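One structure is given below, encoded as structure tokens.
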Amino acid sequence: MGDTIAVAGKGGTGKTTVSSLIVSKLLADDRTPILAVDADPNANLNEWLGVEIVSTLGDLQADLVQKSREEIPAGMDKRRFLHYHMQTCLAEESGFDLIAMGRSEGPGCYCHVNDILRDFLEELTPNYRYVVMDNEAGMEHMSRRTARDVQILFVVSDGSPIGIRAAKRINELRESLEINVEQAYLLLNRATEEIAEALKDEIAESGLELLATIPTDANLTEFSLQRRPLMELADDSPAKAAVYGALERVLI
Ligand SMILES: Nc1ncnc2c1ncn2[C@@H]1O[C@H](COP(=O)(O)OP(=O)(O)OP(=O)(O)O)[C@@H](O)[C@H]1O
Ligand SMILES: [Mg+2]
């Protein structure tokens, strides 16, 4: 079974950027196949990866609720119906696939459907060498993953004391959510070595090991504005070089 690399952090810290660069690095190293999971309801990992999403698991869930009121083909139970359609949520690219969780709120009780969705992910993940998860600020999606552990957790923070305190809380969440993490690291985004040095007490207090600082990268702003996939970012682009260097130190 492949390794799960999860990325977490408070809003806007750079989770999706880092997740995309991780996928890009794994692809460059031929560490494939990769499953990229966009666990953020405001899915945009696909944009960074240059992939079009046909439908999210949340869309499918809503569809199922609708269909159950109308009609599911005779002889097909809900679970089979859902599994059949889940394949359509999987965007297949060269070397990696992408699945987006999307939103799952809505009228009625979805508990049963949620269980089916989780089972599907559990079923899917053993087919990949790496699973890269871009999480929303909390890590609720990971807590629903019962059978699998997270090998590497990257908590992304900005270079501020408040940011590091938020990273500390996220790191503590994994205990209350009972997420089994083998290694957890802090990535300080839009920061410098000097900032990291000035924040060393806060970092020590966070319980997270600082793996790397990622500099502010003007190319990212440009790519973001032009909606260009980060795979096309030049290898010497500062943020890319920092994330690649960090991964080289922790990937076995
Ligand atoms: N090192 C950096 N240098 C310059 N711009 C950056 C850097 N890191 C991220 N950004 C920019 O900051 C914005 C937010 O980044 P990103 O979407 O990765 O954050 P996020 O944590 O995923 O946000 P959200 O919580 O909304 O999902 C993007 O426009 C991205 O291009
Ligand atoms: Mg994001």
Side-chain angles (χ1 to χ4, degrees), residues 5-26 35-53 56-58 91 96 98-104 131-142 152-160 162-171 173-174 184-196 199 206 208 210-247:
I5 302 177
V7 181
K10 78 179 173 75
T13 46
K15 299 177 291 294
T16 306
T17 302
V18 167
S19 303
S20 310
L21 291 172
I22 293 171
V23 172
S24 172
K25 170 68 173 160
L26 295 173
L35 176 66
V37 180
D38 191 339
D40 190 324
N42 297 307
N44 69 344
L45 179 64
N46 63 305
E47 276 184 31
W48 291 126
L49 293 174
V51 179
E52 198 164 331
I53 292 280
T56 68
L57 290 178
F96 75 99
L98 181 120
I99 193 154
M101 308 288 286
R103 291 184 185 282
S104 57
V131 176
V132 179
M133 295 185 78
D134 177 8
N135 291 277
E136 55 189 328
M139 292 190 287
E140 289 77 8
H141 284 97
M142 280 201 281
I152 309 177
L153 169 69
F154 291 117
V155 183
V156 188
S157 169
D158 59 19
S160 74
I162 291 172
I164 310 260
R165 266 174 254 146
K168 179 181 189 233
R169 281 194 297 277
I170 288 166
N171 189 38
L173 257 185
R174 73 185 215 220
Y185 298 103
L186 178 68
L187 292 174
L188 220 52
N189 191 19
R190 292 195 191 88
T192 58
E193 297 299 330
E194 292 71 35
I195 290 174
L199 290 170
S206 76
L208 284 160
L210 175 65
L211 182 66
T213 59
I214 306 169
T216 298
D217 186 338
N219 297 327
L220 285 180
T221 316
E222 210 175 303
F223 269 61
S224 167
L225 289 171
Q226 295 172 0
R227 296 180 175 255
R228 272 179 77 184
L230 292 190
M231 320 282 201
E232 292 171 13
L233 203 61
D235 283 349
D236 62 355
S237 201
K240 183 173 180 175
V243 173
Y244 274 35
L247 285 170

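In each ligand, atom 1 is the first atom listed, and ligand 1 is the first ligand listed. This structure is a prediction, so every number in the text was calculated from the model and none was measured. What you see below is based on every heavy atom in this structure, not just the backbone, and it leaves out hydrogens, waters and symmetry mates.
- Ala242 and Ala212 get closest at one heavy-atom pair: O-CB, 4.5 Å.
- By the 4.5 Å heavy-atom criterion applied to side chains, Trp48 and Ser224 are counted as neighbours.
- For ligand 1, the atoms sitting less than 4.0 Å from at least one non-hydrogen atom of Ser224 are 29 (O), 31 (O), numbered in the order shown with element in parentheses.
- Remark: the backbone N or O of Leu187 is not paired with any side-chain donor or acceptor of Asn189 at under 3.5 angstrom.
- Remark: minimum distance from atom 27 (O) of ligand 1 to any protein heavy atom is reached at Asp40 OD2, 3.3 Å.
- A donor-acceptor pair is defined here as one N or O able to donate and one able to accept, closer than 3.5 Å; such a pair exists between the side chain of Asp38 and the backbone of Asn44.
- The distance from the Mg ion (ligand 2) to the nearest N/O/S atom of Thr17 is not under 2.8 Å.
- Side-chain contact between Pro238 and Asn219 is present, with heavy atoms from C-beta onward closer than 4.5 Å.
- Residue-to-ligand polar distances place Pro215 within reach of ligand 1: an N/O pair is separated by less than 3.5 Å.
- The shortest side-chain heavy-atom distance between Ile164 and Leu188 falls under the 4.5 Å cut-off.
- Those atoms of ligand 1 that come under 4.0 Å of a heavy atom in Gly14, given as number and element, are 15 (O), 16 (P), 18 (O), 19 (O), 20 (P), 21 (O).
- Among all non-hydrogen protein atoms, the one lying nearest atom 24 (P) of ligand 1 is Gly12 N, 3.5 Å.
- Nearest protein heavy-atom contact of atom 28 (C) of ligand 1 is Trp48 CZ2, 4.2 Å.
- The shortest side-chain heavy-atom distance between Pro215 and Thr192 does not fall under the 4.5 Å cut-off.
- Within the 4.5 Å cutoff, the side chain of Leu26 has no heavy atoms near those of the Phe96 side chain.
- Scanning the protein heavy atoms around atom 20 (P) of ligand 1, the nearest turns out to be Lys15 N, 3.5 Å.
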Quick one: do Ser237 and Asp217 satisfy side-chain hydrogen bond (donor to acceptor under 3.5 Å, both in side chains)? Show the steps, please. CA-CA 7 Å; Ser237 201; Asp217 186 338; 2.8 Å; yes

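- For a threshold of 3.5 Å applied to N or O pairs, the pair formed by Asn44 and ligand 1 contains no separation below that value.
- The nearest non-hydrogen atom to atom 17 (O) of ligand 1, considering only Thr16, Val18, Thr216, comes from Thr16.
- By the 3.5 Å distance cut-off applied to N or O atoms, Gly11 is not counted among the residues near ligand 1.
- The protein atom (non-hydrogen) at minimum distance from atom 3 (N) of ligand 1 is Asp217 N, 2.8 Å.
- Judged by the shortest distance from any of its heavy atoms, Gly9 lies outside the 4.0 Å radius around the atoms of ligand 1.
- At a threshold of 4.5 Å between non-hydrogen side-chain atoms, the residues Glu52 and Asn46 do not count as touching.
- In this structure, Val37 and Met101 have side chains that are in contact, with non-hydrogen atoms separated by less than 4.5 Å.
- Nearest protein heavy-atom neighbour of atom 9 (C) of ligand 1: Arg190 NH2, 3.4 Å.
- Closest to atom 8 (N) of ligand 1, if we only count protein heavy atoms, is Asn189 ND2, 2.9 Å.
- Side chain of Ser157 to main chain of Gly163: a donor-acceptor pair is present (N/O by atom type, distance under 3.5 Å, no hydrogens or angles).
- For Thr17, a nitrogen or oxygen atom sits less than 3.5 Å from a nitrogen or oxygen atom of ligand 1, counting backbone and side chain alike.
- Nearest protein neighbour of atom 2 (C) of ligand 1, counting heavy atoms only, is Leu220 CD1, 3.4 Å.
- If you look at Ala218 next to ligand 1, there are no close heavy atoms at all, none under 4.0 Å.
- In terms of polar-atom proximity, defined here as any N/O pair under 3.5 Å, Thr13 does make such a contact with ligand 1.
- Taking 4.5 Å as the limit, some side-chain heavy atom of Phe154 sits within range of a side-chain heavy atom of Leu247.
- Counting heavy atoms under 4.0 Å from ligand 1, residue Val156 does not touch it at all.
- Residue-to-ligand polar distances keep Ala239 apart from ligand 1: every N/O pair is separated by 3.5 Å or more.
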